[in-house]
Amino acid sequence: MGFIQQGPQLAHPLHHDRVLRGWLQHNLDAAAHAALLPDLQALADYALQAYARRQGTPRREPQLTQWDAWGRRVDRIALTPAWEEGAALTAAHGLLWAGHAADARGMQRAAQFARVYLYHVASEFYTCPLAMTDGAATALKASGDATLLQRALPRFLSRDAATLWLSGQWMTETSGGSDVSRSEVEAHQDASGQWRLHGRKWFTSAIIGEAALTLARPSGAGAGNDALGMFYVETHATDGAWQLGLRIQRLKDKLGTRELPTAEIELDGLAATPVGEPRHGVRRIAPMLNITRTWNAICALASMRRALALALDYATRREAFGALLIDKPLHRDTLAGLNAEFEAAFALGFGVARLLGEVEAGLADAETQAVWRILTPLAKLWTGKLAVRITSECLEACGGAGYIEDTGLPQLLRDAQVYPIWEGTTNVLALDTLRALGGDDLSPFATWLQRQWPQEIPGATTMQAALAAAAQWLLPASRERALLEAGARGMALTLARCAAATLLARQAQTAAVLGDLRAAASLRRFLGHGLLRLNASSAADCAAILAQD
Ligand code: MFK
């Protein structure tokens, strides 16, 4: 037999992730760190076992059975083994409840998202319904609806798998995924006063939840997003059957996240409870979006990290042109560049998680709350794009093997393509950044970032120059909406890179005190890739470029 190449091996996801370990060491106090470690260890061990278990075995997918043998409509969904294990892991290791625990330092979200980061890839996107459940818990808390809180919150945040409930987030309709104001699902009250929903939801990301938050238009309420109400529904009756008026029409045939049972559902009288007055639905559901967008960012980081870990390991096993790939200057440099981008993205994603915890714990002043609101869409949009790029590069780093299905590598790329799409596309998030900025003055955000940059770490002037260019662009652009929107993506990417550089600089400084100069090296490389991404064409150039006749 000829030469057989050894495939990449997955290093222990906790022990061999210096970025995660460094961040936790510098951000958590010793007691919090020690309390968290057993859960991280267990989840990383699980990830390692799941990786080994799935090598060479075909991936399983959920199966929908709509009718039983006797013609009864059952809409039964058989899940994959990883999904069957999800509830027990969630309850045991605090994937949901830990984010809502009381913490005097406001670190509960950072501790939760460290768990999510280690679990995500092995979970096969079971993290999607977890994200939505976390978002639903947060939106219900914001509503202050005592009856619903009493009913749903203990179940959403249960520490016991037997009583854990998951929630969906039913927003997308055929009329609009981004423009929710066009939603057509109607809500009306029957003779007994019970609200009931009618219409079709086109993408319900994980239909397995026992509950959901959804938007619907009360009959006669008129058009637009303000006329939508937010409703709470329960999907199953006490006997375990689907509620009357809820049918699963089919599971979606998707490019990736194929273990996730995304469904198209028909509502024909499903009982629903309005959360507060049934209007201002988008405003009411917005707290949920900011939570799921944070999950999206952390899960994008997890996918990047998995791809980078495999590509790095492969480089230590694959020989070409007389040397291991890891000793080839160009390959080495390519991997170093990707890792530096990842490390900056990690600093931003976990920086947002930490700020979220501080905001929720009531520790953030108004300025910090405003910064957190801006950083959330920035983290989501930039990590989403970066996950696609990094997973693609890591496949390429494994050569032809990276393109072969049963190496497991193509799935990383296919799955990563969801991050820039769901929970708001890159452009929708760029426009949300404008909404969060709330005007033409970048200086409060810029001042906050400048204050964060540690004096001892070089690079502040590069960051300040990029911010100054963004501010200079924003001021006149704000007077012309079309110009502002056209440049929103470039500006959002610039701001995301400035924020990531700043948070990485903080990490570099605390690591350097302990003699660890690796984060500083990543920062130098990241700054070398540049921070400025302002690049919109003029309206005239766009017209010329797009003209086809
Ligand atoms: C593994 C990781 C798992 C991640 C979970 C995956 C789950 C996937 C499931 C899905 O993909 S569900 C579909 C997700 N859909 C979206 O994310 C919708 C994308 N569209 C938007 O985000 C639009 O910006 C949005 C519909 C929210 C608003 O568009 P509009 O109609 O132009 O809204 P408008 O009038 O600007 O804002 C309405 C109100 O909401 C305003 O408040 P007021 O009424 O008080 O003025 C806004 O300030 C507020 N708002 C909007 N976005 C907000 C927000 N408030 C806080 N945070 C935000 N992000």
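As the structure lists them, so they are numbered: ligands from 1, and atoms in each ligand from 1. These figures come from a predicted structure and were not determined experimentally.
Each of the following atoms of ligand 1 lies closer than 4.0 Å to a heavy atom of Asn225: 30 (P), 31 (O), 33 (O), 34 (P), 35 (O), 38 (C). Residue Val180 has at least one heavy-atom neighbour below 4.0 Å for each of these atoms of ligand 1: 26 (C). Less than 4.0 angstrom separates some heavy atom of Asn290 from each of these atoms of ligand 1: 56 (C), 57 (N), 58 (C), 59 (N). Annotation for ligand 1: atoms under 4.0 Å from non-hydrogen atoms of Leu289 are 17 (O), 27 (C). The distance from ligand 1 to the heavy atoms of Thr127 drops below 4.0 Å at these ligand atoms: 1 (C). Distances below 4.0 Å separate heavy atoms of Thr172 from the following atoms of ligand 1: 13 (C). Residue Gly177 approaches ligand 1 through these ligand atoms, each under 4.0 Å from one of its heavy atoms: 15 (N), 18 (C), 19 (C).
A salt bridge is absent between Arg155 and Glu234; no separation between the charged side-chain nitrogens and carboxylate oxygens falls under 4.0 Å. Salt-bridge annotation for Arg200 and Glu173: absent, with no side-chain N of the basic residue lying under 4.0 Å from a carboxylate O of the acidic one. Under the 4.0 Å criterion applied to side-chain N and carboxylate O atoms, Asp432 and Arg293 are assigned as salt-bridge partners.
The shortest N or O to N or O distance between Asp226 and ligand 1 is not below 3.5 Å. Ligand 1 has an N or O atom lying under 3.5 Å from an N or O atom of Glu423, backbone or side chain. Backbone and side-chain nitrogen or oxygen atoms of His120 are examined, and none is located within less than 3.5 angstrom of a nitrogen or oxygen of ligand 1.
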| said: Could you walk me through whether Arg247 and Glu264 satisfy the salt bridge (charged side-chain N to carboxylate O under 4.0 Å, His left out) test, starting with their C-alpha distance in whole Å, then the side-chain angles of each, then the deciding distance to 0.1 Å, before giving a yes or no? | reply: CA-CA 9 Å; Arg247 282 194 169 164; Glu264 206 176 300; over 6 Å; no
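Heavy atoms from other residues, nucleotides or ligands lying under 6.0 Å from CZ of Arg60 number 12 at most. Crowding of Arg533 atom CZ: a count of heavy atoms from other residues, nucleotides or ligands under 6.0 Å exceeding 12.
Thr391 contributes no side-chain N or O that, together with a main-chain N or O of Ala307, makes up a donor-acceptor pair within less than 3.5 Å. Here the side chain of Thr425 pairs no donor or acceptor atom with the backbone of Ile421 at under 3.5 angstrom.
Counting only heavy atoms, the protein never gets under 4.0 Å from atom 46 (O) of ligand 1. For atom 41 (C) of ligand 1, the protein comes within 4.0 Å by no heavy atom at all.
In terms of protein heavy-atom proximity, atom 54 (C) of ligand 1 is nearest to Ala286 CB, 3.5 Å. Looking from atom 1 (C) of ligand 1 to the surrounding protein, the closest heavy atom is Cys299 SG, 3.5 Å. Here the heavy atom of the protein found nearest to atom 9 (C) of ligand 1 is Ser205 OG, 3.1 Å. At the shortest separation from atom 44 (O) of ligand 1 among protein heavy atoms lies Arg283 NE, 2.9 Å. Counting only heavy atoms of the protein, atom 21 (C) of ligand 1 lies nearest to Val428 CG1, 3.6 Å.
The part of Arg435 lying near ligand 1 is the side chain, judged by heavy-atom distances below 4.0 Å. The proximity of Asp432 to ligand 1, defined as any non-hydrogen pair under 4.0 Å, is limited to the side chain.
By the 4.5 Å heavy-atom criterion applied to side chains, Asp134 and Phe156 are not counted as neighbours.
Residues His236 and Trp242 place their aromatic rings such that the two centres sit under 6.0 Å apart.
When the options Trp295, Tyr119, Trp23 are evaluated for a ring-ring contact (aromatic ring centres under 6.0 Å, His included) with Phe113, the one that passes is Trp295.
Tyr419 and His120 have tilted rings, their planes meeting at an angle from 30° to 60° on a 0 to 90° scale.
Compare Ser303, Ser183, Ser178 by their heavy atoms: the one nearest to atom 23 (C) of ligand 1 is in Ser178. Counting only non-hydrogen atoms, the option in Arg373, Lys201, Arg293 that gets closest to atom 58 (C) of ligand 1 is Arg373.
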